[in-house]
There are 2 protein chains.
Amino acid sequence: METYRDSHNRALTDYPRPSVAVDTAVLTVPPGAALSVLLVRTGDEWRLPGTFLHEGERLADAVLRSLQTKAGVSGLSPRQLHVFDDPARDNRGWVLSVAHLDAVPWSRLSIDADLARVVPVTDVGALPYGHNEILDRAVATLRSSYASAPDPLHLLDGAFTLRQLQDLHEAVAGEPLMRDSFRRAMEPQLRTTGEVAAGTVGKPARLFEF
Amino acid sequence: METYRDSHNRALTDYPRPSVAVDTAVLTVPPGAALSVLLVRTGDEWRLPGTFLHEGERLADAVLRSLQTKAGVSGLSPRQLHVFDDPARDNRGWVLSVAHLDAVPWSRLSIDADLARVVPVTDVGALPYGHNEILDRAVATLRSSYASAPDPLHLLDGAFTLRQLQDLHEAVAGEPLMRDSFRRAMEPQLRTTGEVAAGTVGKPARLFEF
DNA sequence: CAAATAGTGTCTTTTAGACACTATTCG
DNA sequence: CGAATAGTGTCTAAAAGACACTATTTG
């Protein structure tokens with residue numbers, strides 16, 4: 001491709017450009033636990049995983065690369081949240097950060113406890129680089145997605161019972177949900193597998209899938 | 001500030017960086033007309049107004065600068081929609097575009113017909129640079145904001161009657177709304193000025209403000 | 001069988017939609 | 001006064017919440 005020249009005969013690369021980073025709030029629900037977020041260590045500091053955008057790379061691919069490296073997880077579908085653009089935000093220079101949200105089933109996370117940990121979102125303290133705001137937006141976005149659709153970001157892996165789905169939605173919402181309303185809202189959006197769950201006390205529950 | 005060096009003794013500016021642009025869907029409702037968008041001319045091509053981000057500039061300030069120049073309008077509150085990052089999107093080089101939405105009262109737009117025009121969103125044809133997708137997102141975002149709150153982006157300028165508010169919301173929604181439900185939803189969120197509108201046929205309507 | 005959980009039926013309360021009626025202005 | 005628009009009251013239909021009852025499993 002021939003280099004573009006503007007009306008001053010300058011290429012785009014003759015003008016100052018910012019570095020662009022991606023930072024991602026990876027949310028998950030450990031078994032029996034509350035909605036949690038993945039933090040990684042750099043030095044003695046815990047932060048959301050992130051990386052700089054490489055040349056010609058898509059933002060989503062940069063997110064996947066950072067998560068593959070730092071949490072051994074792949075095949076996610078990152079969603080953009082917001083661009084943080086305060087020129088003084090990063091002391092390394094002029095850096096735009098594109099915040100992302102991703103959700104991953106607990107079973108697919110493989111983390112090295114020295115480099116990463118998963119913390120309930122209510123227990124996360126102060127994070128550097130304004131990462132608390134990213135986390136807040138991620139949680140709000142996740143909650144609003146889960147308000148009307150069954151597990152839209154696929155935090156459940158295979159087939160599941162209505163009870164498991166409701167437990168998940170309650171963990172995401174951070175509060176108990178009503179059984180009747182939940183059933184009425186979700187059941188029409190699900191397909192039964194024909195199978196039932198076994199090995200539990202009580203009447204076996206039907207299994208569903210998407 | 002001392003220049004930051006990474007573990008390879010390189011500054012951030014030693015790595016390739018993209019140019020960053022902002023593009024904005026400016027939405028307005030002309031009197032008695034449908035929801036419309038501001039388009040500007042470059043050469044013989046009509047597109048959404050946009051500009052490149054200057055060094056150290058905030059994204060919102062770049063948006064305001066481009067709108068001041070191209071539509072003579074100031075004092076808006078741009079909202080980020082999405083970052084478009086396809087490396088092949090712009091033939092001038094590697095350009096990230098941060099799409100924005102802004103709403104402006106018709107009365108505050110002063111446009112030069114040779115350089116800009118306002119077109120109903122249903123009549124906009126194919127735009128370059130993937131700007132149709134920005135417009136679609138802008139309209140969807142505006143509609144969802146207007147679903148539950150009275151004129152949240154302040155398309156109305158001063159005091160207004162409930163009928164004027166409903167006309168506005170119908171223009172935004174692109175469909176008629178029910179009088180009873182609209183009233184029940186909006187009236188509790190408004191404050192009356194104590195004044196009534198004059199000069200119209202029929203019982204004078206109360207004026208409201210935010 | 002008792003305890004536990006799944007699934008269904010039905011009543012009540014709340015909300016949304018429909019519509020009639022009154023109030024106040026202009027021409 | 002008649003036409004037009006604003007504002008209120010009330011009936012009905014739909015949705016949400018509450019709760020009781022039946023069904024089927026484990027121990």
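In what follows, every chain begins at residue 1, and chains take the letters A, B, ... in the order their sequences are listed.
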Using nucleotides 23-27 of chain C, report all nitrogen or oxygen pairs with the protein that are shorter than 3.5 Å.
from   : atom 1 : to       : atom 2 : distance (Å)
C/dT24 : O2     : B/Lys203 : N      : 3.0
C/dT25 : O2     : B/Gly202 : N      : 3.1

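Look at CE on B/Met178: it is 9 Å from C1' on C/dA18, rounded to the nearest Å.
Between B/Val63 and the options B/Val26, B/Val98, B/Asp23, B/Val22, a side chain to side chain contact (heavy atoms under 4.5 Å, CB included) holds for only B/Val22.
When all heavy atoms are compared, the tightest approach of A/Gln80 to A/Leu59 is NE2-CD1, 3.6 Å. Across every non-hydrogen atom of B/Ile111 and B/Arg117, the tightest pair is CD1-CA, 4.1 Å.
Among the atoms of the strands shown, base atoms are found under 4.0 Å from some heavy atom of B/Arg184.
With pairs defined as Watson-Crick or G-U wobble and both atom distances under 3.5 Å, the stems of at least three pairs that touch DNA chain C come out as C:1-27 with D:1-27.
Below 30°, between 30° and 60°, or above 60°: for B/Phe182 and B/His169 the angle between ring planes is above 60°, a perpendicular geometry. Taking the six-membered ring for Trp and thresholds of 30 and 60 degrees, B/Phe210 and B/Phe160 have ring planes inclined between 30 and 60 degrees apart.
Taking the nucleotide of DNA chain C with the nearest heavy atom to each of A/Thr161 and A/Asp180, the more 5' of the two is matched to A/Thr161.
Taking the six-membered ring where the residue is Trp, the centroids of A/Phe84 and A/His82 are separated by under 6.0 Å.
Here chain A contacts DNA chain D (any atom closer than 4.0 Å to a heavy atom, that is under 4.0 Å), and the contacts span D/dA16 to D/dT26 from 5' to 3'.
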